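None of these values were measured; they are calculated from a predicted model.
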Amino acid sequence: MKTQDQPNNNRPAPPQAQCQVDIPEQPDPAVQETSFAADACDASDNLQVLDHEPIPDQEWHAQNGRASALEAQSNEQQHHQHGTYGYGSFTHTLRAGHDGHHKSTARALAPDLLRGLLIVLMALDHNAMALLSWDHGTAPQGENDSSPVDKWNRPVAHNIRILTHLCAPGFTFLLGMGIVYFGRSRTNLGWSTARMAWHFVTRAVVLTLVMIVLGLGITLGEIWFLNIVLFALAVDYFLSGLIWLVTTKTEKMLAFIVLKVLPESKKDDATEPLLANRRGVEDIAPDRAIIRAADISWHIHNVVLSALAVVSILWNIWLSPTNGHCGVEPVQKLPDTIWARIWFYRVFDTDLRVVSVFPPLAWISFAILGLVAGRIILARSWSTKAITAGNLLAGVVFSLVFVGTRLLNAGNLSEGCLHMPEHQKPNSPENQYLASWKSFIYVIKYPPDVAFWAYTMAGNLFLFAFFSVIPPRLATIVFEPLLVFGTSALFFFVGHLTLQTALARPVKHWFGHVLAHPDPWNPDQPAVGVDNLWVFFGFWLLVLAILYPACKWYGGFKRRRGPDSIFRFF
């Protein structure tokens with residue numbers, strides 16, 4: 001919706017002119033349940049924004065301890081009087097800035113832009129798998145816990161894989177952020193805790209069922225449980241949703257406890273006079289003690305969540321049979337059953353027809369970090385500069401952690417595993433990660449080690465910062481395809497795997513030949529695939545071109561569904 005100027009006459013403005021939004025209309029206004037797109041005006045005839053007069057967001061203030069009980073009551077009256085505005089699946093109380101205009105902007109678009117970019121990169125990664133162009137990884141048979149490697153993949157394959165490492169961590173991180181946005185949205189809609197919990201269960205079941213149907217389709221019935229990411233996202237969404245629900249409850253409980261034991265301070269007295277605003281509702285200065293108690297509880301919960309994120313990535317090291325060291329006798333640390341291993345380890349069971357490369361509990365750390373990020377972003381009305389600076393700072397911190405894993409030989413699942421030509425030289429450094437730049441950035445993805453965790457989080461946060469500084473109007477024009485893909489993520493995921501599987505057969509027939517690496521589905525036979533780069537990238541662009549109008553259509557279809565519609569999951 002384009003920005004409208006406030007009317008200067010005394011005639012009532014039409015409803016479309018009464019809602020001011022500083023963000024241009026998105027080409028695909030559909031918003032999925034974990035999307036971050038800003039809301040626009042709904043059809044409320046009584047919606048009006050008075051010039052230079054902010055309308056507080058009751059739910060936002062109440063959850064973050066920024067208002068007293070009397071303020072909340074006042075905000076409820078204002079909400080009832082002035083209505084809400086909605087864009088896609090979200091409905092929020094309109095909160096204007098000090099200039100009377102809504103402060104939505106790049107902070108709402110940036111996550112969807114990031115997700116759109118990650119989806120495009122994911123399709124590029126899966127392109128090589130569909131065409132069997134090369135071994136899947138930076139090193140053949142590499143990226144696995146305590147797996148020795150002796151050569152690097154071809155340069156184009158290596159470089160593409162370095163970029164696509166960002167995809168799965170980024171999706172899971174944004175999933176965690178989306179839960180916070182979803183919770184705030186549905187709280188405004190009046191959803192109960194039980195109803196949100198049921199939503200988390202339903203979504204997890206739907207994702208799992210989609211995975212089963214998709215796996216049976218692309219393997220022609222050979223594998224019924226093909227977890228190439230969806231099952232991990234389903235479980236992590238469910239668990240992170242429950243963590244968020246518990247956090248919102250305990251945060252309030254702890255705030256009341258802190259309020260009782262908090263020593264009184266002279267600054268706690270409300271010193272501001274009672275002021276009547278233009279609506280005739282008294283603005284009362286907030287009780288500073290309540291604010292301090294809520295702040296303390298909020299910070300404590302963020303620290304606890306951050307600690308849980310660290311622990312849940314470290315347990316990939318602790319549960320490793322060799323603790324990430326090659327040449328060490330493995331020690332079994334979990335029961336040797338598929339039902340125990342599938343949560344933390346890769347599973348290939350041909351008898352049960354189960355393939356799982358993304359163990360859910362090995363990846364949940366990224367979702368918990370998303371919860372922390374979402375809580376911080378929604379804590380107050382940050383400026384774009386503050387959001388960008390925060391992402392850059394967090395990216396620098398993760399970069400330092402990554403460098404630390406290399407220099408200190410800690411947090412890696414590849415210790416003593418690199419046996420490349422550069423490591424065989426007489427003058428090769430004792431630290432294997434310092435032998436070459438490829439060695440330095442070699443990380444283990446299955447399961448993710450601390451080095452992978454830090455490397456990919458740094459990359460995603462830097463991209464997040466980049467998209468945050470792009471003006472919304474420019475973003476919706478230049479990066480419009482990313483928004484279309486980013487707001488139809490699951491639909492794209494199902495569509496691109498289906499297309500790549502179907503189209504790869506004739507393409508391999510016309511352009512394929514016998515290659516040096518083995519067929520991943522038949523390791524005893526060489527792969528017959530396409531390694532011509534013109535065909536490779538042309539195939540990737542063809543899939544994107546077909547999916548773009550399909551995703552755009554689905555976005556419009558989804559937008560017309562209600563907030564409970566199962567189509568919102570896609």
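- Checked against ring pair (Phe, Tyr, Trp, His ring centres under 6.0 Å), Phe452 has the following partners two or more places apart in sequence or in another chain: His165, Trp363.
- No side-chain N or O of Lys438 forms a donor-acceptor pair with one of Asn153 less than 3.5 Å apart.
- Ring orientation note: the planes of Trp134 and Phe536 are tilted relative to one another, at an angle of 30° to 60°.
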Applying side-chain contact (heavy atoms from CB on, under 4.5 Å) to Phe466 and Leu392, what does each step give before you reach the verdict?
CA-CA 9 Å; Phe466 167 74; Leu392 289 175; over 6 Å; no
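- Under 3.5 Å, the side chains of Asp236 and Thr172 contain no donor-acceptor pair of N or O atoms.
- With sequence neighbours left out, Ser240 forms a side-chain hydrogen bond (donor to acceptor under 3.5 Å, both in side chains) with no residue at all.
- Note on residues 214-229: pairs passing side-chain hydrogen bond (donor to acceptor under 3.5 Å, both in side chains), not counting sequence neighbours, are Asn227-Ser356.
- Pairs of residues two or more places apart, or lying in two chains, that qualify as side-chain hydrogen bond (donor to acceptor under 3.5 Å, both in side chains) and include a residue from residues 494-509 are His126-His496.
- Legend: residues meeting ring pair (Phe, Tyr, Trp, His ring centres under 6.0 Å) with Trp437, ordered by chain and number and at least two apart, are His158.
- Using modelled atom types and a 3.5 Å distance limit, the side chains of Ser439 and His423 yield a donor-acceptor pair.
- Partners of Thr247 by side-chain hydrogen bond (donor to acceptor under 3.5 Å, both in side chains), not counting sequence neighbours: none found.
- A donor-acceptor contact under 3.5 angstrom links the side chains of Ser365 and Trp453, judged on distance only.
- Listed by chain and number, the residues in a ring pair (Phe, Tyr, Trp, His ring centres under 6.0 Å) with Phe344 are Trp315 (sequence neighbours excluded).
- Using cut-offs of 30° and 60° on the angle between ring planes, the pair Phe200 and Phe182 is tilted.
- Applying the side-chain hydrogen bond (donor to acceptor under 3.5 Å, both in side chains) test to pairs two or more places apart or on separate chains, those with a residue in residues 522-545 are His513-Asp531.
- In this structure, the side-chain hydrogen bond (donor to acceptor under 3.5 Å, both in side chains) partners of Tyr446, at least two apart in sequence or on a different chain, are Arg161.
- Taking Cys417 as the reference, Cys326 meet the disulfide bond (SG atoms under 2.5 Å apart) condition, with sequence neighbours excluded.
- Take Phe231 and apply the ring pair (Phe, Tyr, Trp, His ring centres under 6.0 Å) test, not counting sequence neighbours, and it matches Phe225, Trp343.
- A donor-acceptor pair is defined here as one N or O able to donate and one able to accept, closer than 3.5 Å; no such pair exists between the side chain of Ser488 and the backbone of Phe491.
- For Ser414, the side-chain hydrogen bond (donor to acceptor under 3.5 Å, both in side chains) test picks out Tyr433, with sequence neighbours left out.
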